[in-house]
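Single-structure report; data block below.
Order of listing sets the numbers, starting from 1, for every ligand and every atom in it. Not measured: the values here are computed from a predicted model. As a basis for the values below, the full set of heavy atoms in this structure was taken, side chains included, without hydrogen atoms, waters or symmetry mates.
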Amino acid sequence: MASVDRKEDIIQPGFIIRERWKVRKKLGGGGFGEIYEALDMLTEEQIALKVESTLQQKQVLKMEVAVLKKLQGKDHVCKFIACGRNDRFNYIAMSLQGRNLAELRRAQPRACFTISTTIRLALQLISAIEAIHSVGFLHRDIKPSNFAMGRLMNTQKTVYMLDFGLARQWVGNSGEVRQPRNVVGFRGTVRYASISAHKNKEMGRVDDMWSLFYMLVEFIIGQLPWRKIKDKEQVGIMKEKYDHKSFLKYLPSQFHPFLSHITSLNYSDTPDYSFLRGLMYQGMNARGIKDDDPFDWEK
Ligand SMILES: Nc1ncnc2c1ncn2[C@@H]1O[C@H](COP(=O)(O)OP(=O)(O)OP(=O)(O)O)[C@@H](O)[C@H]1O
């Protein structure tokens with residue numbers, strides 16, 4: 001979500017937080033905050049700082065901190081370093097990752113990834129989504145710019161999940177699926193939203209999987225049919241009319257059971273993450289794809 005009216009940045013390069021983190025440069029400004037690269041003067045490591053103005057209407061950093069803390073120790077998750085606030089902004093410090101998957105795709109010659117890269121990313125993306133679901137939360141904004149590759153020798157083959165600002169708890173106090181609300185405001189990003197999210201229905205774990213499916217289709221084909229349409233309602237109508245099976249002719253055959261599986265799920269169902277990963281492994285075997293083959297951007 002790019003904000004339209006560009007206000008002044010919350011912090012400037014050179015600014016030091018708690019005598020420890022020196023801001024270097026702005027990496028991006030999303031819908032709900034700004035991301036900076038900073039130097040941890042204690043450890044000499046580069047880190048990422050996400051900041052949110054205290055004046056902002058919708059405060060989401062608190063959710064971000066809660067979910068990131070719950071996810072610590074799992075794969076595909078940034079290291080939580082610290083969080084805090086002052087009179088001007090709230091901030092969270094976490095490990096710094098490399099380029100996000102939207103940037104990496106757009107940098108490819110035909111703006112698409114090979115089947116090999118897509119399938120191996122899919123394996124990691126399924127596990128990342130399973131991880132957030134396993135701690136009781138939905139992500140609700142699964143999209144390529146919310147995943148980044150690591151930037152260090154030992155992390156550059158790993159996908160990291162970003163941005164838990166729209167997360168919501170799906171599990172109730174006794175481990176049951178929370179009762180769905182009848183109508184909810186739309187959350188997420190139009191291009192990757194599930195049909196049910198377009199209809200303002202309560203999202204479940206399946207809706208994160210739908211967004212993943214749209215991501216993977218876009219990776220392979222290089223675009224989605226509704227890419228140029230801004231209007232949320234129109235995109236919703238288009239998705240409803242669109243025969244999703246027609247994507248399959250461009251995709252490895254394993255995407256047929258992938259699509260059938262997510263189509264079969266309802267709000268309260270648990271996706272079969274292992275089954276979906278199994279399909280991706282089948283696709284790798286059928287095509288002689290190896291775990292450690294280079295990704296498209298490494299070639
Ligand atoms: N830990 C990180 N390391 C490196 N880059 C990051 C990190 N966190 C976020 N970014 C970059 O900043 C961008 C925006 O981050 P994030 O999605 O968390 O913010 P946001 O304000 O919710 O943005 P949006 O509304 O676009 O999703 C990401 O696409 C990513 O490129």
task = Among L104, N100, I142, find the one that has a side chain to side chain contact (heavy atoms under 4.5 Å, CB included) with F147.
result = I142

inquiry  = Against M161, only a single residue in V77, L68, I129 fulfils side chain to side chain contact (heavy atoms under 4.5 Å, CB included); can you say which?
reply    =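 Going through V77, L68, I129 one by one, the side chain to side chain contact (heavy atoms under 4.5 Å, CB included) with M161 is satisfied by I129 alone.
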
key: Check: H244 ring centre within less than 6.0 Å of W210 ring centre   =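 For H244 and W210, the ring centres are under 6.0 Å apart.
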
Going by the order shown, which atoms of ligand 1 are within less than 4.0 Å of some heavy atom of [X]?
X: N100; value: 29 (O), 30 (C), 31 (O)
X: S145; value: 28 (C), 29 (O)
X: F32; value: 21 (O)
X: K50; value: 16 (P), 18 (O), 19 (O), 20 (P), 22 (O)
X: L96; value: 3 (N), 4 (C)
X: G33; value: 21 (O)
X: M94; value: 1 (N)

task = Inspect the contact between R20 and D40 and indicate whether a charged nitrogen and a carboxylate oxygen are less than 4.0 angstrom apart.
result =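 Salt bridge between D40 and R20, a charged N being under 4.0 Å from a carboxylate O: yes.
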
ask   = In terms of side-chain geometry, is the basic nitrogen of K50 or D163 positioned less than 4.0 Å from the acidic oxygen of its partner?
value =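 Salt bridge present between K50 and D163.
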
Applying a strict 4.0 Å limit to heavy atoms, is [X] in contact with ligand 1?
X: S95; result: yes
X: C78; result: yes
X: R151; result: no
X: A48; result: yes

note = When every non-hydrogen atom of N146 is compared with those of H139, the smallest separation belongs to ND2-CE1, 3.9 Å

request  = With sequence neighbours left out, write down each residue that passes side-chain hydrogen bond (donor to acceptor under 3.5 Å, both in side chains) with T54, or none if nothing qualifies.
outcome  =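 In terms of side-chain hydrogen bond (donor to acceptor under 3.5 Å, both in side chains), with neighbours along the sequence ignored, T54 is linked to no residue.
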
inquiry  = If you count every heavy atom of other residues, nucleotides or ligands that lies below 6.0 Å from E44 atom CD, does the total exceed 12?
reply    =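 Check fails, neighbour count at 12 or below.
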
Any idea which part of [X] is under 4.0 Å from ligand 1, heavy-atom wise: side chain, backbone, both or neither?
X: V60; value: neither
X: E34; value: neither
X: D163; value: both

N/O donor-acceptor pair under 3.5 Å between Y36 side chain and I11 backbone =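 Yes, the answer is positive, given that a donor and an acceptor are paired below the 3.5 Å cut-off.
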
